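In what follows, a single structure is set out as structure tokens and then discussed.
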2 protein chains.
Amino acid sequence: MAKHDPQLDLLFHALSDPTRRMMLNRLAKGPAPVTELAGPSGFKLPTILRHLSVLEEAGLVATQKDGRVRSCAFQPAALRPMTEWLDEQRKVWEARLDRLDDYVMNLMKEREK
Amino acid sequence: MAKHDPQLDLLFHALSDPTRRMMLNRLAKGPAPVTELAGPSGFKLPTILRHLSVLEEAGLVATQKDGRVRSCAFQPAALRPMTEWLDEQRKVWEARLDRLDDYVMNLMKEREK
DNA sequence: TGTATAGTTAGCAATATGGCTAAGCATGAT
DNA sequence: ATCATGCTTAGCCATATTGCTAACTATACA
């Protein structure tokens with residue numbers, strides 16, 4: 001029944017920012033250090049680091065430090081709760097359409113009498 | 001290349017709140033007036049109305065007034081930009097995996113020599 | 001050792017978000 | 001005409017978010 005999944009909050013929130021989506025899009029192409037992630041954005045490093053931590057808390061990015069550079073990697077599996085939620089809504093929606101269908105069918109049968 | 005789609009911001013943001021997701025889930029089962037939408041949430045009407053306006057701005061819900069009751073309806077088509085973004089990311093991710101694959105294959109061929 | 005590089009932390013300011021109460025308006029029922 | 005119902009608006013408060021600068025740490029390189 002998925003009562004109150006805080007993971008979904010984190011996921012959707014993380015994706016609601018264009019800068020974070022750009023970062024993710026870059027990481028989908030392969031791992032990158034923080035500076036390269038910041039590069040095209042025009043934002044300062046501390047700002048990018050904050051966005052990065054949001055992505056990490058959502059599980060969308062994993063990072064590890066190698067010497068003085070932090071390497072960031074996209075975690076596609078983290079998207080699953082979201083796609084599952086979407087599927088669930090679709091299911092509910094389609095069930096509703098089916099019921100509507102039945103309803104109309106019954107109406108037509110009634111008319112025939 | 002989908003540089004900066006504000007619609008995506010609205011969509012993801014709208015879905016990042018559990019109350020709004022609950023409202024949507026209810027609406028997926030069929031249209032409902034505002035009061036029914038508020039019912040199980042425990043929140044006051046003005047609060048719900050605000051959430052509703054967020055959903056409307058994202059295009060996820062359409063409403064119309066019939067007498068003194070406002071009827072709210074889920075708009076599943078509004079989800080498309082999001083699923084398209086997901087597909088796009090998946091594509092990038094998979095292209096990367098393919099390149100990785102090639103890379104490994106080449107490595108193995110080199111070894112054979 | 002000294003210097004450049006790559007992050008990191010602390011803290012500020014402006015704005016957005018999410019909840020509320022109180023008061024108002026329009027419509028349906030009596 | 002009156003009253004209840006269903007929504008709406010205005011405005012308050014606390015907290016979160018998003019950007020910044022300045023100052024700091026830690027690693028690599030000469």
Side-chain angles (χ1 to χ4, degrees), chain A residues 3-27 30-74, chain B residues 3-27 30-74:
Chain A
K3 298 211 64 161
H4 205 270
D5 192 348
Q7 188 60 28
L8 278 181
D9 297 17
L10 294 178
L11 263 179
F12 281 121
H13 172 65
L15 294 175
S16 73
D17 184 280
T19 304
R20 287 194 289 265
R21 286 199 306 274
M22 245 186 283
M23 291 167 71
L24 262 197
N25 187 269
R26 164 61 191 83
L27 290 180
V34 176
T35 308
E36 187 182 333
L37 224 44
S41 75
F43 290 120
K44 300 297 183 181
L45 257 194
T47 300
I48 293 299
L49 229 70
R50 235 172 148 112
H51 282 302
L52 185 58
S53 86
V54 172
L55 290 170
E56 276 194 79
E57 276 181 42
L60 285 164
V61 168
T63 78
Q64 71 181 62
K65 246 190 139 163
D66 187 15
R68 64 183 164 176
V69 33
R70 173 173 304 279
S71 179
C72 311
F74 177 41
Chain B
K3 297 212 65 161
H4 206 269
D5 191 349
Q7 188 60 27
L8 278 182
D9 297 18
L10 294 178
L11 263 179
F12 281 121
H13 171 66
L15 294 175
S16 71
D17 183 279
T19 304
R20 287 194 287 265
R21 287 198 306 275
M22 245 187 284
M23 290 167 71
L24 263 198
N25 186 267
R26 164 62 191 81
L27 290 180
V34 176
T35 308
E36 187 183 333
L37 224 44
S41 75
F43 290 121
K44 300 297 183 181
L45 257 194
T47 300
I48 293 299
L49 228 72
R50 241 169 134 111
H51 282 303
L52 185 58
S53 86
V54 171
L55 290 170
E56 275 194 79
E57 276 182 43
L60 286 164
V61 167
T63 77
Q64 71 179 63
K65 246 189 139 166
D66 186 16
R68 63 181 164 177
V69 34
R70 173 172 304 277
S71 180
C72 311
F74 177 42

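Hydrogens, waters and symmetry mates play no part in the numbers below; they use all other heavy atoms, side chains included. Just so it is clear: chains get the letters A, B, ... in the order the sequence lines come, proteins before strands, and each one is counted from 1. Worth saying up front: this structure is predicted, and the values here are computed from it rather than measured.
- Going from atom CZ of A/Phe12 over to atom P of D/dA16 covers 22 Å, rounded to whole Å.
- In terms of phosphate contacts, B/His13 brings a side-chain nitrogen or oxygen within less than 4.0 Å of OP1 or OP2 of C/dT17.
- For the pair A/Leu52 CG and D/dT18 C1', the interatomic distance rounds to 15 Å; values are reported in whole Å.
- Whole-Å rounding puts the A/Asp9 CG to C/dT17 P distance at 15 Å.
- One finds no salt bridge joining B/Arg21 and A/Asp5 here, because no Lys/Arg side-chain nitrogen approaches an Asp/Glu carboxylate oxygen to under 4.0 Å.
- Partner of B/Leu37 under the side-chain contact (heavy atoms from CB on, under 4.5 Å) criterion, out of B/Met22, B/His51, B/Arg70, B/Met23: B/Met23 alone.
- Of all nucleotides listed (D/dT27, C/dG19, D/dA4), C/dG19 comes nearest to the side chain of B/Phe43.
- Atom NZ in A/Lys65 sits roughly 12 Å away from atom P in C/dA6 (whole-Å rounding).
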Exercise for the section: Go through B/Asp9 and A/Asp17 one step at a time and tell me if the side-chain contact (heavy atoms from CB on, under 4.5 Å) criterion holds. Expected result: CA-CA 6 Å; B/Asp9 297 18; A/Asp17 184 280; over 6 Å; no
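- With hydrogens and angles ignored, the 3.5 Å screen pairs no side-chain donor or acceptor of A/Asp66 with any backbone N or O of A/Val69.
- As rounded to whole Å, 10 Å separates atom P of C/dT27 from atom CZ of B/Arg68.
- In this structure, CZ of A/Arg70 is placed 14 Å from C1' of D/dT27, rounded to the nearest angstrom.
- In this structure a side-chain-to-backbone donor-acceptor pair under 3.5 Å is present from B/Arg20 to B/His13.
- Sequence order on DNA chain C of the closest nucleotides to B/Thr19 and B/Gly67 puts B/Thr19 first from the 5' end.
- Of the candidates D/dT27, C/dG18, D/dC20, the closest approach to any side-chain atom of B/Asp17 belongs to C/dG18.
- For the contact set between residues 44-51 of chain B and DNA chain C, defined by any heavy atom under 4.0 Å, the members are B/Lys44, B/Pro46, B/Thr47, B/Arg50, B/His51.
- Both A/Ser16 and B/Pro33 lie close to DNA chain D; mapped to their nearest nucleotides by heavy-atom distance, the more 5′-ward contact belongs to B/Pro33.
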